[in-house]
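Below, read A as the first sequence line, B as the second, and so on, with proteins coming before strands; counting in each chain starts at 1.
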There are 2 protein chains.
Amino acid sequence: MRKGEQTRHDILGEAVALASELGLEGLSIGPLASRLGMSKSGLFAHFGSKEELQLATLRRAQQRFEETVFRPALAAPRGLPRLRALFERWLAWADDPGLPGGCVILGATAEYDDRPGPIRDALAGAQHRLREAVARAVEIAVAEGHFGPETDPEQFAFELFAIVLAAHHDRRLLADPAARNRAGRAFERLVAYYAPRASMRGTVTGDRPSAGAGARSDLFAGKDAP
Amino acid sequence: MRKGEQTRHDILGEAVALASELGLEGLSIGPLASRLGMSKSGLFAHFGSKEELQLATLRRAQQRFEETVFRPALAAPRGLPRLRALFERWLAWADDPGLPGGCVILGATAEYDDRPGPIRDALAGAQHRLREAVARAVEIAVAEGHFGPETDPEQFAFELFAIVLAAHHDRRLLADPAARNRAGRAFERLVAYYAPRASMRGTVTGDRPSAGAGARSDLFAGKDAP
DNA sequence: GAGAAAATAGCACGAACGTTCGATAATAAC
DNA sequence: GTTATTATCGAACGTTCGTGCTATTTTCTC
């Protein structure tokens with residue numbers, strides 16, 4: 001009873017890596033089995049259908065995202081520092097050695113975003129929850145005074161996601177090493193725009209916006225996780 | 001000699017629609033042939049290999065993007081209006097009835113961004129040229145005085161692309177009708193950020209001879225039907 | 001250690017795929 | 001109108017895929 005769970009765990013580890021390169025659709029049972037040194041039918045018995053394997057692989061990737069990106073970011077101080085930590089980890093996520101072909105979730109989204117079914121449901125649900133969690137973090141930043149009170153949390157979450165998406169795109173397709181830097185500047189511009197001082201708005205400053213609004217974690221030491 | 005080109009044209013029209021739903025990889029010859037009321041082998045003879053069909057389909061999608069999005073935007077006045085027209089058309093592109101499953105190019109990018117070969121090359125090359133073309137449009141906007149002189153054109157192109165990407169994502173996966181509005185607000189914020197300071201520097205360049213609206217269309221300069 | 005239960009292997013199936021080939025029908029050239 | 005060329009078809013091949021069935025080996029329980 002316990003040996004099965006172990007191999008199932010190993011299988012999903014390889015499955016995430018393989019799905020990263022070939023997509024959830026291209027994740028085929030034969031090559032996955034031979035990578036693990038086991039038979040096709042032996043592997044198949046763990047899931048009962050390919051779709052179940054795909055769902056389990058997707059859930060595993062989502063779980064790893066939460067453990068690698070989201071939860072550690074929650075350890076950062078409330079408000080902007082937390083958002084900054086989230087952003088940094090999110091960018092690094094696509095370079096995870098366990099994801100040789102980029103983010104599995106984004107890849108699966110491109111494949112299943114117009115094919116109704118449990119996979120699409122799982123993707124949409126997770127995306128919805130993530131976006132809401134980011135929006136909550138933005139609300140906290142507003143409460144902390146890092147952003148102005150008229151800040152729209154969902155709008156912020158949308159724009160943050162947009163930056164991550166484009167960075168992932170440029171790194172994967174164009175292999176552009178400048179992508180990360182560009183993403184960073186876009187993030188700073190985003191943060192600067194919503195900063196409480198309205199004078200920031202619509203102005204053009206050559207240098208990076210000063211980290212006035214609690215960018216350093218030591219400024220707000222003491223206030224911690226909710 | 002001419003009948004063949006006509007059917008080839010018809011085939012690629014359907015191929016783009018099918019690839020929009022199932023991806024370039026999922027574009028299979030059998031179903032495509034039966035959609036067109038012709039035999040598998042008859043269709044196959046036009047391309048000689050599946051990869052050639054995929055490449056031709058991709059080139060056709062790129063050509064349609066240029067005709068539908070980019071070239072018409074060039075007809076708008078230089079500078080910010082042109083960028084705005086580009087942005088609007090770009091957003092509408094994903095809702096094109098000929099693309100029932102979203103942008104073929106973005107879909108293909110997700111599939112082939114880490115698989116070396118002619119398809120990836122075509123994608124990366126086109127993306128590079130598009131990004132450069134947008135950057136040139138931004139340079140013009142700077143010259144027109146619509147943006148401040150320290151505006152980084154490539155950074156702007158990156159951020160503009162990010163907005164479009166996220167809008168496409170939210171519309172496809174989340175079926176979120178608010179996506180377009182959010183993208184619009186992100187665009188306005190982008191434009192506002194790079195706007196010149198209130199201290200009017202005026203429109204510096206009166207009349208540098210414009211390249212004209214219907215200038216060049218070498219965006220996706222790929223050889224077509226060989 | 002014996003027996004029950006679970007995990008894995010081996011094999012075969014039907015379907016779908018890209019591709020080939022020879023035959024036939026449609027079109028273009030003269 | 002005849003002929004040469006091109007376009008299309010139908011059938012088949014070799015693979016690969018997901019899946020089901022039956023043994024056999026491994027693991028857990030008492």
Side-chain angles (χ1 to χ4, degrees), chain A residues 1-58 60 107-108 111-112 115 117-120, chain B residues 1-58 60 101 107-108 111-112 115 117-120 224-226:
Chain A
M1 191 106 108
R2 213 167 57 255
K3 170 66 155 41
E5 305 229 352
Q6 174 62 36
T7 54
R8 189 188 154 102
H9 188 270
D10 297 345
I11 290 171
L12 289 179
E14 269 299 314
V16 166
L18 203 58
S20 165
E21 301 186 53
L22 296 103
L24 268 192
E25 189 92 23
L27 175 67
S28 50
I29 299 176
L32 177 59
S34 79
R35 269 207 197 196
L36 292 150
M38 64 186 303
S39 73
K40 226 173 35 153
S41 52
L43 190 153
F44 184 82
H46 281 271
F47 303 95
S49 76
K50 178 173 183 182
E51 190 175 57
E52 199 53 47
L53 168 64
Q54 290 174 314
L55 280 168
T57 304
L58 180 57
R60 172 63 148 274
E111 288 182 290
Y112 288 92
R115 262 182 273 181
I119 296 183
R120 192 195 130 116
Chain B
M1 192 112 105
R2 212 168 56 256
K3 172 64 153 45
E5 306 229 353
Q6 173 62 36
T7 55
R8 189 188 155 102
H9 188 271
D10 297 344
I11 290 171
L12 289 180
E14 269 298 315
V16 167
L18 203 57
S20 164
E21 302 186 53
L22 295 98
L24 268 192
E25 189 92 21
L27 177 65
S28 51
I29 299 176
L32 177 59
S34 78
R35 269 207 197 195
L36 292 150
M38 65 188 301
S39 72
K40 227 174 30 155
S41 52
L43 189 152
F44 184 83
H46 281 271
F47 304 95
S49 76
K50 179 175 183 182
E51 190 176 57
E52 199 54 46
L53 168 63
Q54 291 173 313
L55 280 168
T57 303
L58 180 58
R60 171 65 145 271
E111 287 182 289
Y112 289 92
R115 262 183 273 183
I119 295 184
R120 191 194 130 116
D224 202 68

request  = May I ask you to say what B:Leu53 touches in the nucleic acid, namely base, sugar-phosphate or nothing, with a heavy-atom cut-off under 4.0 Å?
outcome  = nothing
task = Let me know the distance between CZ of A:Arg8 and C1' of C:dT8, rounded to the nearest Å.
result = 16 Å
inquiry  = Rounded to whole Å, please give me the gap between CG in A:Leu36 and P in C:dA9.
reply    = 10 Å
request  = Might you point out which heavy atoms bring B:Leu27 and B:Lys50 nearest each other, and give the distance in Å?
outcome  = O-CE, 3.1 Å
key: Nearest-angstrom distance from the residue atom CD of A:Glu5 to C1' of D:dC28   = 14 Å
request  = For A:Ile29 and D:dT19, give me the distance from atom CD1 to atom C1', rounded to whole Å.
outcome  = 8 Å
note = Rounded to whole Å, the CD-C1' distance (A:Gln6 to D:dT26) equals 15 Å
request  = Measure from NE2 on B:His46 to P on D:dT6 and round the result to the nearest Å.
outcome  = 13 Å
task = Figure out the NZ/P separation between A:Lys40 and C:dA9, and round it to whole Å.
result = 13 Å
remark   = Taking every heavy atom of A:Gly13 against every heavy atom of A:Arg60, the minimum-distance pair comes out as N-NH2, 4.0 Å
query = Using a cut-off of 4.0 Å on non-hydrogen atoms, how would the nucleic acid contact of B:Ser28 be classed: base, sugar-phosphate, or nothing?
reply = sugar-phosphate
query = A:Phe44 has an atom CZ; how far is it from atom P of C:dA6, in whole Å?
reply = 19 Å
message = For D:dT19 and A:Ser41 - does any side-chain N or O of the residue sit under 4.0 Å from the phosphate oxygens OP1/OP2?
response = no
